[in-house]
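Structure first, then comments.
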Amino acid sequence: MSGHTDMVLVNDEGLRIDGRTAEEKRPIKIEAGVLSNADGSAYLEIGKNKVLAAVYGPRECHPRHLQDPTKAIIQCKYNMEAFSVSDRKRPGPDRRSIEISKIIAEALEKVVLTELFPRASIDVYIEILQANAGTRCAGLTAASVALADAGIPMRDIIPAIAAGKADDHVLLDLNKEEDNFGQADVPLAIVPSTDEIVLLQMDGNMTREEFDHAIDLAYKACHEVYDVQKEALKKRYTSMKEEVDSDE
Amino acid sequence: MTDKIEVFPGDEVAEEEEYLASDGTFADNGKIYASQIGILELDDNECVARVVSPNPPNILKTGDVVYAVVSDIRNTMATADVVAKDGTTRGIGNETYATIHVSKISQGYTDDVSKELRKGDFIRARVIGTKPSLQLTTKEDHLGVIRSLCGQCKTEFVKKGHGLYCPVCERSMPRKLADDYGDVKI
């Protein structure tokens, strides 16, 4: 969004620097239940992004003043590793990661049946191992798979994906170059069963028509991501059943 | 008859006219949806739809056997912090602060809580209520203190008759002991 480049982000044939068309997302891979000490976990790769999500809880909420006697609270921690970007990132929470933690927690609160666990806290940890634009979407996608893996009751699984604009083209799922040198970035997360929006931000400028087009692209892609999420959970469930069978 | 299908959160599983939403499901606008991954069970006898999750949160229910540490002794009750549920490894999902009323400690009559339990004792207990707060009982042979340290020298008490005995301080203490005190693997 900020820099300028002579790089051609979208060529005359409508292809992007990584060979995708404007309406194509990066290849996505999700694996559920990768960590044995967490109650639920997921590992996700989308393009060059690598994300690990872990869920603990519901468990007693500490510090106590954060407890809500009517429902559980969701505490989310989004963290980028020092080695996740090309320059070393100074470790620890910063303004950006605090914001992302907040919006992800709020998105998840909309689907988790928090009223079943008064006073409890559900802790979600998202670690970005490798970043290449679109990590908040990748983090949220992984976190909702981890929540489902932890058996936490929820209305639906949330998929998320970004759309944007670069070189005056509306593009789906921006990569790093398109994000840095493009004109707009619109991350979107939805509840697939009702098509409700639980996360929508916009960085940069777009016309109303471009925005509508971007949202349409992202909606369609979200439903595709949702299928990948379900597939990951199904695989996890089958392997868990085999473990139980072999124990008996 | 029970049907067995794999479901995901958000999947529509039944109509509310036919079934009641139970564990792992929620009702919305006349329909019942799954809220967990697992196997769907439509119980026609009880008219209940439930999803059996392979990895459910650890929520205490009445009847569960739990392990706890006594945190305080009062005149009519003891309080304890529940640390684990028997047979599970996942952390406790709901409140862990529990109370044991003086009448629920032992089978016989108890006039003084401190003759049965002391602060710091590890106990095995059964949940007898979860609302408004967690209540426990140790009124069974298998329930009661499973590990305890001497209040003066912190050596582990050994069982002697119906009470405990410290081999270092050479003093005895009365306790409500579980029948397997001394050989419980924690």
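Everything quoted here is computed from the prediction, not taken from an experiment. Chain naming here is simple, since letters A, B, ... match the order of the sequence lines and numbering starts at 1 in each.
The nearest pair of heavy atoms linking Thr96(B) to Glu60(A) is OG1-OE1, 2.8 Å. Heavy atoms only, all atoms of each residue included: Pro58(A) and Pro57(B) are closest at CD-CB, 3.5 Å. Taking every heavy atom of both residues into account, Tyr237(A) and Ile39(B) meet most closely at OH-CG1, 3.1 Å. Closest of all the heavy-atom pairs between Ala148(A) and Pro9(B) is CB-CG, 4.4 Å. Considering every non-hydrogen atom in both Gly93(B) and Ala120(A), the closest pair reads O-CB, 3.7 Å.
Of residues 20-34 of chain B, those residues lying under 4.5 Å from chain A by any heavy-atom pair are Phe26(B), Ala34(B). Within residues 39-54 of chain A, the residues having any heavy atom less than 4.5 Å from a heavy atom of chain B are, in residue-number order, Asp39(A).
In this structure, the portion of Leu113(A) lying under 4.5 Å from any heavy atom of chain B is its side chain and not its backbone. Of the two parts of Ser53(B), only the side chain, counted from C-beta on, holds a non-hydrogen atom closer than 4.5 Å to a non-hydrogen atom of chain A. Only the side chain of Asp11(B) has a heavy atom closer than 4.5 Å to any heavy atom of chain A.
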Steps toward side chain to side chain contact (heavy atoms under 4.5 Å, CB included) verdict (Phe8(B), Lys234(A)): CA-CA 9 Å; Phe8(B) 294 95; Lys234(A) 200 181 268 182; 3.8 Å; yes
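Heavy atoms of other residues, nucleotides or ligands lying less than 6.0 angstrom from CG of Asp179(B) number more than 12. Around atom CD of Gln107(B), more than 12 heavy atoms belonging to other residues, nucleotides or ligands sit under 6.0 Å away. Within a 6.0 Å sphere centred on CG of Asn37(A), other residues, nucleotides and ligands contribute 12 heavy atoms or fewer. Within 6.0 Å of the NZ atom in Lys77(A), the count of heavy atoms belonging to other residues, nucleotides or ligands does not exceed 12.
In terms of modelled atom types and a separation under 3.5 Å, the side chain of Arg59(A) and the main chain of Glu95(B) share no donor-acceptor contact.
Atom CD of Gln36(B) and atom CG of Leu147(A) lie 11.5 Å apart (nearest 0.5 Å).
Side-chain atoms of Met154(A) and Ser35(B), non-hydrogen and from C-beta on, never get closer than 4.5 Å to each other.
For the set Ile92(B), Ile59(B), Asn55(B), the entry with the most heavy-atom pairs within less than 4.5 Å of chain A is Asn55(B).
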